[in-house]
J.: 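Let me give you the structure first, and then I'll get to my questions.
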Amino acid sequence: MSETSPKLRAELDGIPTYKPGKPAAAGGPAAYKLSSNENPYPPLPGVMETAMAAAQSFNRYPDMACTGLMNELADRFSVPLAHLATGTGSVGVAQSLVQSTSGPGDEVMYAWRSFEAYPIITQISGAKAVQVPLTAGEVHDLDAMADAISERTRLIFVCNPNNPTGTVVRRAELERFLDRVPSDVLVVLDEAYREFIRDPEVPDGIEVYRDRPNVAVLRTFSKAYGLAGLRVGFAIAHEPVAAALRKTAVPFGVTQLAQDAAVASLRAEDELLGRVGSLVCERSRVHESLVKQGWTVPETQANFVWLRLGDRTVDFAAACEQVGVVVRPFPGEGVRITIGEPEANDLLLRAAEEFRKTL
Ligand SMILES: *Cc1c(COP(=O)(O)O)cnc(C)c1O
């Protein structure tokens, strides 16, 4: 046996590990998980039955082309089938997008702080990450991003609304930015929280992509649709990009359970979107209450709020945990708090009010 270990790609050194939101403590007093932007509602009855039925045949491989789901999506969003690609969550699709466009010597750009998967999938590809700081108001600095485009830029993520700040990019500024991006650079509009947007000035990425061949839109069933555990997301992009995604996707990555549950969810959309509406009401209540308590909270269009607590971040997270609420701390920066069921939000608000006295 040789002394040395197998040679691994040097790019993998120092890749940050994805930190999943902490689970709520088992067996504790009312313990709520507000750390992963999940939907707090249990699966809808019809969706659950569909998934159970699909489970009857998990000795078989799934439909590799996701035919039923692709047809449903094409119909629902009025896009050609050739413009669709599915994946194991939209993170899986995002990774395929980076893999399809970027490698060593190339640059992948995104705002920072933004979704923590971006640095990971960029580094795996071997491309260089170009992180452009958010503005003081926690919003994408699109002018600075356009200025940072170089000959080597291959892909730019625009997370709208941005995770973890909840802030949005509006129509006029996005169009102005896209006009500045060279047509051979792919812009990915990551719209994981699209269904929670109520600001009419925030563009629907699917309208933006239609006459811009270098724009792709990422959507997921994990958040509003409540299928986080089943791992299914999709991209809408023009043909060469969507075809590249279908080529680079892990074969059979999306299970039949996930495919069938996603179709059933699209068909149960009225009921699902009713739940989203309730969460949006809770979001307003939590946001207003925090502001009333004296906190500075960026306006959010997602299912979470952001508190820039700086060096008090970890203390705040610990204080929340004491009352049975698990939030998502980014040490030294701030805390992201998912909007949950009203009881969970009440506990959070009480903890926040107490914590303010220590600031
Ligand atoms: C949650 C999230 C996703 C989607 O994750 P899945 O892989 O679909 O579960 C994508 N982008 C952002 C910004 C997210 O917050």
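One is the number of the first residue; the rest follow in order along the sequence. A quick note: this is a predicted structure, and the numbers were derived from the prediction, not measured. All ligand and atom numbering here is 1-based and tracks the order in the structure.
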J.: Is there any salt bridge (Lys or Arg N to Asp or Glu O under 4.0 Å) pair reaching into residues 39-58, and which pairs are they, with sequence neighbours excluded?
T.: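 Counting only pairs at least two positions apart or across chains, no salt bridge (Lys or Arg N to Asp or Glu O under 4.0 Å) contact touches residues 39-58.
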J.: Considering only NZ, NE, NH1 and NH2 on the basic side and carboxylate oxygens on the acidic side, decide whether R356 and E353 come within less than 4.0 Å.
T.: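 Salt bridge absent between R356 and E353.
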J.: Relative to each other, are the rings of F221 and F234 parallel, tilted or perpendicular (30° and 60° limits)?
T.: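 Ring orientation of F221 relative to F234: tilted.
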J.: Should the ring pair F115 and Y18 be called parallel, tilted or perpendicular, given that the plane angle runs from 0 to 90° and is split at 30 and 60?
T.: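 Ring orientation, 0 to 90° scale: perpendicular.
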J.: For the residue pair Y209 and H83, categorise the inter-ring angle as parallel (less than 30°), tilted (30 to 60°) or perpendicular (more than 60°).
T.: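 The arrangement is perpendicular - the two ring planes meet at more than 60°.
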J.: So what's ligand 1 close to, N/O to N/O, under 3.5 Å?
T.:
residue, atom, partner, partner atom, Å
ligand 1, 7 (O), S90, N, 3.2
ligand 1, 7 (O), V91, N, 3.0
ligand 1, 7 (O), R231, NH2, 2.7
ligand 1, 8 (O), S90, N, 2.6
ligand 1, 8 (O), S90, OG, 3.2
ligand 1, 8 (O), T220, OG1, 2.5
ligand 1, 8 (O), S222, OG, 3.3
ligand 1, 9 (O), S222, OG, 2.6
ligand 1, 9 (O), R231, NH1, 2.7
ligand 1, 9 (O), R231, NH2, 3.4
ligand 1, 11 (N), D190, OD1, 3.2
ligand 1, 11 (N), D190, OD2, 2.8
ligand 1, 15 (O), N163, ND2, 2.8
ligand 1, 15 (O), Y193, OH, 2.6
ligand 1, 15 (O), K223, NZ, 3.3

J.: Is the distance from the ring center of F330 to that of W112 below 6.0 Å?
T.: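 No, the ring of F330 stays outside the 6.0 Å limit from the ring of W112, centre to centre.
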